[in-house]
Amino acid sequence: VNVGGETGIYQQILDRSGRMIYISDRSTHEMYFANRVAREMNAASTGPLTGQKCYEYIRGRTEPCPWCFLSKVRPGEFYQEERYFPESDVYQRISGEHITWCGRDAFVQYVDDITQTRKLQAELERSRRMYECAVGGAELGVWEYDIPARVMYCPELYHSRYGLPRRMENAPESTLGCFAEGDRDKIRRLFRRIESGEATVTEEAWFQPDPARAPVCCRGVFSVVRDENGRPSKAYGVSQNIEAQK
């Protein structure tokens, strides 16, 4: 058997992977192999790869990593965790399993840089909290209208305050009872303009879902989104109580 030739083929396959791959001795931590992406990431490491410990080559440490998970992994198991490295401001997904490498008991680590994903998630979470604070502080209602299905989705503010259903089928007819009778034709026109595909539709109406309570003057601004074929697909609206301005 041409072991050297087969190993070379395996190394070529691993070199074409887009993730960092490290193979080291299961007991001594001695490095056996790092693929192309891993070598480029550790270009600053000095000396040949062979003979270095995995913690020296990968992490630049002089002793095993305090969080090393080799001892946690059993034969036949696949281990995975995510870690943040504050010194380099990097998030990584690290996984690994036991393998046999050229007849030796070895351990393979797969390392994915997920920094961009984690930072994007953090930014999205920040934006979500800012949105919730803005909406809550201004008492804005954010609506969604599925145009082909004729379904209006009610915001939490109006659901909790007025008892409106979160999903309102057969719009606009199902929504008309929420408005003063004299403004219901306005609401019908609003929906026709949305369904015709106007980019932005604005309307003011007296909102009165409970006949026993005084109506509230609201302004709604809807933006229409088209599908890939150019047909009106969704409308997103923001409504606000403007009674004080009136």
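Model, not experiment: these values are computed from the prediction.
At a cut-off of 3.5 Å, with distance as the only test, no side-chain donor of E77 or Y79 sits close to an acceptor on the other residue. Between the side chains of Y110 and E97, at least one donor-acceptor pair of N or O atoms lies under 3.5 Å.
At least one donor-acceptor pair under 3.5 Å links the side chain of Q208 to the backbone N or O of R213. Using a distance-only test at 3.5 Å, with no hydrogens or angles considered, a donor-acceptor pair links the side chain of H159 to the main chain of L164. At distances below 3.5 Å, not a single donor-acceptor pair connects side-chain atoms of N170 with backbone N or O atoms of E173. A donor-acceptor pair is defined here as one N or O able to donate and one able to accept, closer than 3.5 Å; no such pair exists between the side chain of D146 and the backbone of V151. Judged purely by atom type and a 3.5 angstrom limit, K234 has no side-chain atom pairing as donor or acceptor with the backbone of E144. Within the 3.5 Å criterion, the main-chain N or O of N229 finds a donor-acceptor partner in the side chain of D227. Between the S174 side chain and the E169 main chain, a donor and an acceptor come within less than 3.5 Å of each other. A donor-acceptor pair is defined here as one N or O able to donate and one able to accept, closer than 3.5 Å; such a pair exists between the side chain of R226 and the backbone of G197. For the pair H29 (side chain) and Y55 (backbone), a donor-acceptor distance under 3.5 Å is absent. Looking at R19, its side chain never comes within 3.5 Å of a backbone N or O of D112 through a donor-acceptor pair.
The aromatic rings of Y91 and Y84 are tilted relative to each other, their planes meeting at an angle between 30° and 60°.
Residue F179 is tested with F191, F207, Y162 for a ring pair (Phe, Tyr, Trp, His ring centres under 6.0 Å); the sole match is F207. A side-chain contact (heavy atoms from CB on, under 4.5 Å) with S24 is found for exactly one of M31, Q52, K53, E30, namely M31.
A salt bridge links R150 with E195; the closest basic N to acidic carboxylate O contact falls under 4.0 Å. Remark: E123 does not engage K119 in a salt bridge, criterion side-chain N to carboxylate O under 4.0 Å.
Taking OG1 of T117 as the reference point, atom CZ of R93 lies at 7.5 Å (rounded to 0.5 Å). For the atom pair CZ (F33) and SG (C102), the distance works out to 10.5 Å, reported to the nearest 0.5 Å.
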* Asked: Checking salt bridge (Lys or Arg N to Asp or Glu O under 4.0 Å) for the pair R189/E203: CA distance, chi angles, key distance, verdict?
  -> CA-CA 9 Å; R189 287 196 299 271; E203 189 57 89; 5.2 Å; no
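Criterion: ILVMFWY side-chain heavy atoms under 4.5 Å apart, direct or through other members. Under it, W206 and L176 are not part of a common hydrophobic cluster.
Aromatic ring centres of F85 and W67: separated by under 6.0 Å.
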